> 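Sharing a structure below in structure tokens format, with a few things to ask.
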Amino acid sequence: QMRLVESGGGLVEPGGTLRLSCAASGGSFSSYDMAWYRRTPGAQRELVATITRGESTMYLDSVKGRFTVSRDNAKNTLYLQMNSLKPEDTAVYYCNAVETVDGSKWYPYDFWGQGTQVTVSS
């Protein structure tokens, strides 16, 4: 069972930047494909970005060109660099390990942390 702790969220104005971090412990971080999800009140959880063990990445269409996912296996840490933030990016962001059969659908493990709140507002 891997423990995941997200951090780096906050309040930022539209057009601003944030860098989220996800510290992993208790598991073999480098052996997992990883992902960032987000959830807004009353909405379903949404897959934002994935990064495989080989560092191939995939992004939600609405964040392409603005968000960048990366990982540092030596530090057991996952990152999400968020630029040009928009009010619609406001959500609680979660990281998790994921698995896939064919790269088109991703299934999260049950390693959910508390998430980190991102609020984009003027």
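Residue numbers start at 1 and run along the sequence shown. All values below were derived from every heavy atom in this structure, side-chain atoms included, with hydrogens, water molecules and symmetry-related copies excluded. Small disclaimer: the values here were computed from a predicted structure and weren't measured.
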> Is there any salt bridge (Lys or Arg N to Asp or Glu O under 4.0 Å) pair reaching into residues 69-81, and which pairs are they, with sequence neighbours excluded?
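Listed once each, the pairs would be none.
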
> Output every pair passing ring pair (Phe, Tyr, Trp, His ring centres under 6.0 Å) with a member in residues 10-39, not counting sequence neighbours, ordered by first then second residue.
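Applying ring pair (Phe, Tyr, Trp, His ring centres under 6.0 Å) to every pair that reaches into residues 10-39, excluding sequence neighbours, yields Y32-Y109, Y32-F111, Y37-W112.
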
> Heavy atoms only: give me the nearest L78-A35 pair and the separation to one decimal.
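Smallest heavy-atom distance, with atoms named: CD2-O, 3.8 Å.
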
> Indicate yes or no for a side-chain donor-acceptor contact from E6 to the backbone of C95 under 3.5 Å, with no hydrogens or angles considered.
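Yes, the answer is positive, given that a donor and an acceptor are paired below the 3.5 Å cut-off.
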
> What closest approach, in Å, do P14 and S121 show between heavy atoms, and which atom pair accounts for it?
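Looking at all heavy atoms of both residues, the shortest contact is CD-C, 3.6 Å.
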
> Under the side-chain hydrogen bond (donor to acceptor under 3.5 Å, both in side chains) rule, collect the residues that match up with T119, sequence neighbours excluded.
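Result, side-chain hydrogen bond (donor to acceptor under 3.5 Å, both in side chains) vs T119: Q117.
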
> Side-chain heavy atoms under 4.5 angstrom apart, residues restricted to Ile, Leu, Val, Met, Phe, Trp, Tyr: same cluster for M58 and V98?
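Same cluster: M58 reaches V98 through Ile, Leu, Val, Met, Phe, Trp or Tyr contacts under 4.5 Å.
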
> Please enumerate all residues that pass side-chain hydrogen bond (donor to acceptor under 3.5 Å, both in side chains) together with R19, with sequence neighbours excluded.
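Partners of R19 under the side-chain hydrogen bond (donor to acceptor under 3.5 Å, both in side chains) test: none.
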
> Using the salt bridge (charged side-chain N to carboxylate O under 4.0 Å, His left out) criterion, which residues pair with K105? Sequence neighbours excluded.
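Expected list: none.
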
> Give a yes or no on whether a salt bridge exists between D89 and K86, defined as a side-chain N under 4.0 angstrom from a carboxylate O.
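Result for this pair is no, no salt bridge flagged.
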
> According to a hydrophobic-cluster definition based on side-chain heavy atoms being under 4.5 Å apart (Ile, Leu, Val, Met, Phe, Trp, Tyr only), do L85 and Y94 belong together?
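No: no chain of side-chain contacts under 4.5 Å links L85 to Y94.
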
> Scan residues 54-89 for pairs that pass ring pair (Phe, Tyr, Trp, His ring centres under 6.0 Å), counting only residues two or more places apart or in two chains.
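Qualifying pairs: none.
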
